[in-house]
Amino acid sequence: MKLSQAFIPTMKEIPSEAQIPSHQLMLRAGMIRKLSSGVYEFLPLGYKILKKVEQIIREEMNNAGAQELLLPALHPKELWEETGRWEIYGDEMMKVIDRNKRQFGLGPTHEEVITDLVRKEVKSYRQLPVILYQFQTKFRDEIRPRFGIMRGREFIMKDCYSFDKDEAGLNINYQKMVQAYKNIFTRCGFDFRMVQADSGNIGGNLSHEFMVLANTGEEAIHYCDACQVTMKAKEPEGEAATTVEKQLCPACQKEMKYSRVIEVGHTFNLGTKYSAKMQATYLDEKGESKPYIMGCYGIGVSRIVAAAIEQSHDNNGIIWPKQISPYQVIVLPLDVTNEPVRKTGEELYAQLLSQGIDALIDDRDERAGVKFKDADLIGIPVKLIVSTRGLAEGKIEIKLRKTGEVFKLSVVEALPKITELIQA
RNA sequence: CGGGGUGUAGCGCAGCUGGCUAGCGCGCCUGCUUUGGGAGCAGGAGGUCCUCGGUUCGAAUCCGAGCACCCCGACCA
């Protein structure tokens, strides 16, 4: 992509609405814009990152035996009345009415819809297990949307549901999903912990949350890496309470570490909570009718993007982990009015593309400072700098976003080095 | 929903104790100069001062109501 033609409106100043780094940087980097409280537009750069994250999740889900589908966002009221959640979910569900005065909810989660689909199609134990997932826009009329994309009223979620004939089957699938989640968050470059959790509104009897360590997180944990123990921290109570109670590790008795965290994933053992209420049953080997044993597994896809920035940024902007960076390399011809510089930049850019490297080129007639600032702001891991000064010595320069490390190389050495850096 | 705060150009802000034609920085357009970390000069475009109502000869400024947005709390991917 050529920056001169790209719709990436960067900003020098911080919009006053944004308080935390990820929100500020996403706005400044031209990734998102606000339409309304808790409702955001993903611009091309933000959308590209979202798609990268989605693809990582998709690969791991497919690998774990789950199949992708797409369910509706419009849910008829009657379906939610079957589980009693039309009342229980209450005002948190956005509601709409059609021309015949029929009521619908905008799906905040999809247990009812998926269970309805499966109960209509899956009648025998022979058809189980089945694991289905989707990427979808969820609607939740949050009491207080905040921190930009972090807690929106409309957001992208990957939700996955497993249907088994018995508890043993569910446990196997649950473990598969936990492993898939660990793979996903590792690939996203996260420093994260898994913690046992309350099951909240979704329900069930066992659940785990996946927490990214970040000091702007809305929750907190105590953890002991030596013993692999993690527990959720209670929020300090009372207005004056700012100190956190110390926790000793139940295994080794040493003081546990404490960190604020962002919840990016949540797994639930649902049991028969939904299938029983919805008469969602199959026939077992003996011809007896039994409710499915269900599990449910969610990931906040858009939130992952924000969490990644919270965990990796500096004063100059975002520092994307290689795996989810929107582009792998940015080529910076520092002076496009200098013909050799412009030409060398264009050629290197074309060569990168021809080798399947997703590159960006800043071909704008801007000063060097502007180009460096924008490149750092949007966080591309590798800068390939072509300058009048460098070319006079027959050199170009490669500079790494994360470490600031610089390599001066001849033009022919550049591509192999970039390939090496990208694969490292 | 309870508490706190903000609303003036695309962004950041000043002006607000009642007074002329609403201002500054950044950004944007034109030209010239510049060209390794957000350039300089000159010219220019861009405003329902959140909305409605009230007080007044006169309101961005004072009063009232409403709306929007942000922050703290309960809720959650």
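Residue numbering restarts at 1 for every chain, and letters A, B, ... go by the order of the sequence lines.
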Between A:I378 and A:L360, is a side-chain contact (heavy atoms from CB on, under 4.5 Å) present by the stated rule, with each step listed? CA-CA 11 Å; A:I378 65 177; A:L360 193 59; 3.8 Å; yes

Please evaluate residues A:H23 and A:Y40 with respect to the criterion ring-ring contact (aromatic ring centres under 6.0 Å, His included), reporting the C-alpha separation (whole Å), side-chain torsions for both, the decisive distance (0.1 Å), and the verdict. CA-CA 11 Å; A:H23 190 194; A:Y40 285 82; 5.7 Å; yes

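Under 3.5 Å, the side chain of A:K383 and the base of B:G36 form no donor-acceptor pair of N or O atoms. One cannot find a donor-acceptor pair under 3.5 Å joining the base of B:C76 and the side-chain atoms of A:R140. A donor and an acceptor atom sit less than 3.5 Å apart, one in the side chain of A:D376 and one in the base of B:G37.
Contact annotation for A:G369: backbone-only contact, meaning every heavy-atom pair under 4.0 Å involves sugar-phosphate atoms and none involves a base. Within the 4.0 angstrom heavy-atom criterion, no nucleotide atom of any strand lies near A:L332. Nucleic acid contact for A:V370: base, since at least one base atom lies under 4.0 Å from a heavy atom of the residue. Using a 4.0 Å heavy-atom cutoff across all strands shown, A:G317 reaches no nucleic acid atom at all. No engagement by A:K158 is indicated, since no non-hydrogen atom pair under 4.0 Å with the nucleic acid exists. Within the nucleic acid shown, A:R153 has no heavy atom closer than 4.0 Å to any nucleic acid atom. Within the 4.0 angstrom heavy-atom criterion, base atoms lie near A:D374.
More than 12 heavy atoms of other shown residues, nucleotides or ligands fall within 6.0 angstrom of atom CG in A:D98.
Rounded to a whole angstrom, the distance from the P atom of B:G18 to that of B:A60 is 14 Å. If you take atom P in B:U61 and the same atom in B:U55, they sit 15 Å apart, rounded to whole Å. Taking atom P on both B:A39 and B:C76, the two are 48 Å apart, rounded to the nearest angstrom. Distance check on atom C1': B:G47 versus B:G7 gives 15 Å, rounded to whole Å. Comparing the same atom, C1', in B:G31 and in B:C13 gives a spacing of 30 Å after rounding to whole Å. Between B:G38 and B:A59, the two C1' atoms lie 40 Å apart (nearest whole Å). Separating the P atom of B:G23 from that of B:C49 is a span of 14 Å, rounded to the nearest Å. Between B:G73 and B:C28, the distance separating the two P atoms is 39 Å to the nearest Å.
Among B:A39, B:A77, B:C11, the nucleotide with an atom closest to any side-chain atom of A:M11 is B:C11. Across B:G38, B:A77, B:C75, the shortest atom-to-atom separation from the side chain of A:K373 is found for B:G38. Of the listed nucleotides (B:C76, B:C70, B:A77), B:C70 has the atom at the smallest distance from the side chain of A:Q19. Which of B:C70, B:G38, B:G36 sits closest to the side chain of A:E397 comes down to B:G36.
Aromatic ring pairs are classed by plane angle as parallel below 30°, tilted from 30° to 60° and perpendicular above 60°; the pair A:F163 and A:Y292 is perpendicular.
Here A:S16 does not reach the OP1 or OP2 of B:C69: none of its side-chain N or O atoms lies under 4.0 Å away. A close approach under 4.0 Å does occur between a side-chain nitrogen or oxygen of A:R146 and OP1 or OP2 of B:C72. Phosphate proximity of B:C71 to A:R144: present, with a side-chain N or O under 4.0 Å from OP1 or OP2.
A side-chain donor-acceptor contact under 3.5 Å links A:S22 and A:E310. A:Y223 and A:S259 form no side-chain donor-acceptor contact under 3.5 Å, judged by distance and modelled atom types alone. At a cut-off of 3.5 Å, with distance as the only test, a side-chain donor of A:N183 or A:Q179 sits close to an acceptor on the other residue.
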Heavy atoms under 4.0 Å is the rule here; annotate nucleotides 24-35 of chain B 5' to 3' with B where the base is hit, S where only the sugar-phosphate is, and - elsewhere. -BS-------BB

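One interatomic measurement links the two molecules: CD of A:Q24 to C1' of B:C11, which rounds to 13 Å at whole-angstrom precision. Across the protein-nucleic acid pair, A:F147 atom CZ and B:A77 atom P stand 17 Å apart, rounded to whole Å. To the nearest angstrom, C1' of B:C72 lies 12 Å from CD of A:E218. The distance from atom CZ of A:R364 to atom C1' of B:G37 is 13 Å, rounded to the nearest whole Å. What separates NZ of A:K371 from C1' of B:G36 is a distance of 11 Å, to the nearest Å. One atom, CD of A:E142, and another, C1' of B:C76, lie 5 Å apart when rounded to the nearest Å. Atom CE of A:M150 is separated from atom P of B:C75 by 19 Å (rounded to the nearest Å). When the P atom of B:G12 is taken as reference, atom CD of A:E17 falls 8 Å away, rounded to whole Å.
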Dot-bracket, 5' to 3', for RNA chain B please: Watson-Crick or G-U pairs under 3.5 Å, [ ] where pairs cross earlier ones, | where the partner sits on another strand, dots elsewhere. (((((((..((((.....[...)))).((((((.....)))))).....(((((..]....))))))))))))....

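With centroids closer than 5.5 Å and planes inclined by less than 30 degrees as the test, A:F155 and the base of B:A77 pass as a stacked pair.
Legend: residues meeting side chain to side chain contact (heavy atoms under 4.5 Å, CB included) with A:P108, ordered by chain and number and at least two apart, are A:W80, A:Y89, A:M93, A:R140.
Between A:D365 and A:R342, none of the side-chain N atoms (NZ, or NE/NH1/NH2) sits under 4.0 Å from a carboxylate O, so this pair counts as no salt bridge. Salt bridge annotation for A:E82-A:R119: present, with a cationic side-chain nitrogen under 4.0 angstrom from a carboxylate oxygen. A salt bridge is absent between A:K273 and A:E111: the closest approach of a Lys/Arg side-chain nitrogen to an acidic carboxylate oxygen does not fall below 4.0 angstrom. A salt bridge is absent between A:K277 and A:E112; no separation between the charged side-chain nitrogens and carboxylate oxygens falls under 4.0 Å.
Stacking of A:K383 on the aromatic ring of A:F372 is not recorded, the 6.0 Å distance cut-off and the 45° axial limit not both being met.
Each of A:E209 and A:I385 lies near RNA chain B, and the nucleotide nearest A:I385 is the one positioned closer to the 5' end. The residue among A:I299 and A:G148 whose nearest nucleotide of RNA chain B lies closer to the 5′ end is A:G148.
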